[in-house]
Asks: 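Structure in structure tokens, see below.
Protein chains get the first letters and strands the later ones, always in sequence-line order, with residue 1 at the start of each. Owing to the predicted nature of the structure, the values given are computational and were not obtained by experimental measurement.
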There are 2 protein chains.
Amino acid sequence: MLATAKIAKPKRYEEILVAAAECFQKQGFSATSIDTVARHLGATKGRIYHYFPSKVDLFNAVRDRAMELAFDGIREGYDAKLSPVERLHLMTLGHVKCMMLHHSYMQVLLDGLQMQRFGATTEFQREAMERHLHERNTFETWYREVIELGVAEGTMAVRSMSVTLQSFLVALNGPVFWYRPREGDGEEKLNAIAEEVVVFALKGLGIDAVPPISTISRGA
Amino acid sequence: MLATAKIAKPKRYEEILVAAAECFQKQGFSATSIDTVARHLGATKGRIYHYFPSKVDLFNAVRDRAMELAFDGIREGYDAKLSPVERLHLMTLGHVKCMMLHHSYMQVLLDGLQMQRFGATTEFQREAMERHLHERNTFETWYREVIELGVAEGTMAVRSMSVTLQSFLVALNGPVFWYRPREGDGEEKLNAIAEEVVVFALKGLGIDAVPPISTISRGA
DNA sequence: AGGCAAACATACTACTCGGTATGTTGTCAA
DNA sequence: TTGACAACATACCGAGTAGTATGTTTGCCT
């Protein structure tokens with residue numbers, strides 16, 4: 001989380017990453033060829049293989065970047081010195097907006113999670129996979145902590161934590177599946193949709209009246 | 001919905017369909033070769049191409065079957081002569097159990113929905129795709145109808161129908177993403193998990209106290 | 001018995017894709 | 001000017017893959 005101290009990657013690297021994310025999102029991993037990504041860049045394979053040793057490594061790089069973005073989306077709420085309900089509200093709002101703003105990356109991320117599908121992966125790939133599952137677990141734990149505080153406090157109601165948490169997360173990830181970014185959508189429109197998703201998810205945890213966030217002072 | 005009057009398919013056909021569903025689920029469409037499905041059957045390509053004209057047709061057949069199963073899961077609740085809340089409860093319970101029981105088929109179904117990913121599909125494939133989107137739309141409409149009745153009645157609360165409906169459906173589809181079928185799981189264990197998902201989703205619609213279903217008489 | 005079609009398996013073709021090896025161009029330091 | 005190296009493009013190889021064409025077995029009807 002802090003070991004890689006934001007080493008700025010070269011511009012070309014970032015370009016390839018974005019193009020790869022868009023291709024993987026549209027067509028999935030297997031259906032996306034290196035040449036496809038290259039054409040989408042207006043380049044050839046040479047460029048890509050100059051920056052990434054293999055297709056799997058390119059995919060992992062996209063996945064890692066997506067995970068960073070996801071953590072960035074919920075970190076502020078998680079770190080805030082506020083009540084559990086308010087923290088959860090900030091986290092979920094950041095979460096959903098992240099899903100909508102970085103649509104390509106996030107879809108690749110969720111696809112990658114299902115990628116036990118690889119089945120017979122190399123040992124090196126298995127290492128990347130386990131690292132990814134560990135990050136996923138940390139992500140879930142952040143939510144679990146805050147929700148458990150709310151339950152102890154009596155402001156949230158949960159019967160089975162594991163099942164409810166999964167349902168909760170799926171609802172927050174939902175926009176990746178059904179939301180299509182529209183150019184005409186301004187930030188307010190996006191916020192309105194995100195807020196609707198948040199309200200649904202929070203009500204699922206028994207949080208009825210969602211307090212306005214405008215008056216909340218930034219914590220920590 | 002009633003045009004194809006349940007023409008019993010040959011046994012071999014069903015075997016191939018099941019094997020294909022399992023392969024498509026594990027590896028996705030592109031990564032699954034016809035030979036993969038054939039090996040999984042202990043056969044060769046000849047068998048598969050004897051029953052299905054192409055790989056895409058095989059995939060569509062799996063998708064269609066999955067859609068039938070999904071409709072079967074919610075039909076009883078939709079047709080029941082009961083209150084909107086009770087109907088919705090039956091629908092969601094059937095929905096979630098269907099997701100868990102027919103895990104492979106349902107994952108292929110949701111994958112297939114995202115398959116604008118095909119991009120350049122043939123015109124014939126586009127026809128199958130549009131038929132699929134139409135069925136998907138009908139499926140959503142069944143839910144929308146019942147929820148609108150509940151809102152009119154005052155027993156459900158929804159701010160934005162479109163966004164809430166999507167969040168609701170994603171939560172119900174959730175088990176496809178996070179539930180792994182365990183051999184040890186008996187029917188009661190499965191029911192318990194399903195009920196937790198249902199409670200979360202219904203609370204999201206503002207339905208707090210979920211009535212017991214055991215006393216409900218079968219309708220229609 | 002014999003013939004005939006369904007139900008496959010086998011062999012083959014044209015094509016794609018991941019990866020590598022090699023060629024080419026620009027840039028910068030000595 | 002001349003290496004030298006980064007930053008690519010191009011050509012190529014081996015391993016699959018969808019689909020086809022053709023062989024082979026099996027059950028059934030007469």
Asks: Does B:H95 form a ring-ring contact (aromatic ring centres under 6.0 Å, His included) with B:F139? I'd like the steps, not just the answer.
Replies: CA-CA 11 Å; B:H95 187 144; B:F139 191 86; 5.5 Å; yes

Asks: Once you apply a heavy-atom cut-off of 4.0 Å, does B:F52 come out as touching a base, just sugar-phosphate, or nothing?
Replies: nothing

Asks: When the ring centroid of B:F177 is compared with that of A:F177, is the distance short of 6.0 Å?
Replies: yes

Asks: For A:E195 and A:H89, does a side-chain donor sit closer than 3.5 Å to a side-chain acceptor?
Replies: yes

Asks: How about B:H132 and B:N60: does a side-chain donor come under 3.5 Å of a side-chain acceptor?
Replies: no

Asks: Parallel, tilted or perpendicular: which fits the ring planes of B:W142 and B:Y78, with parallel below 30° and perpendicular above 60°?
Replies: parallel

Asks: Take atom NZ of B:K55 and atom P of C:dT16, then tell me their distance rounded to the nearest Å.
Replies: 15 Å

Asks: Could you give all pairs that pass the salt bridge (Lys or Arg N to Asp or Glu O under 4.0 Å) test and reach residues 38-49 of chain A, with sequence neighbours left out?
Replies: A:D35-A:K45

Asks: Answer yes if the ring centres of A:F59 and A:F29 are under 6.0 angstrom apart, and no otherwise.
Replies: yes

Asks: Rounded to whole Å, how long is the line connecting atom CD1 of B:I34 with atom P of D:dG16?
Replies: 17 Å

Asks: Can you pull out the residues from residues 35-50 of chain B that lie within a 4.0 Å heavy-atom distance of DNA chain D?
Replies: B:K45, B:Y49

Asks: Go through residues 12-22 of chain B and report each residue with a non-hydrogen atom lying under 4.0 Å from DNA chain D, sorted by number.
Replies: none

Asks: With side-chain hydrogen bond (donor to acceptor under 3.5 Å, both in side chains) as the test, would you mind laying out the steps for A:T164 and A:S167 before giving the verdict?
Replies: CA-CA 5 Å; A:T164 303; A:S167 299; over 6 Å; no

Asks: Side-chain N or O of B:Y51 less than 4.0 angstrom from OP1 or OP2 on C:dA6?
Replies: no

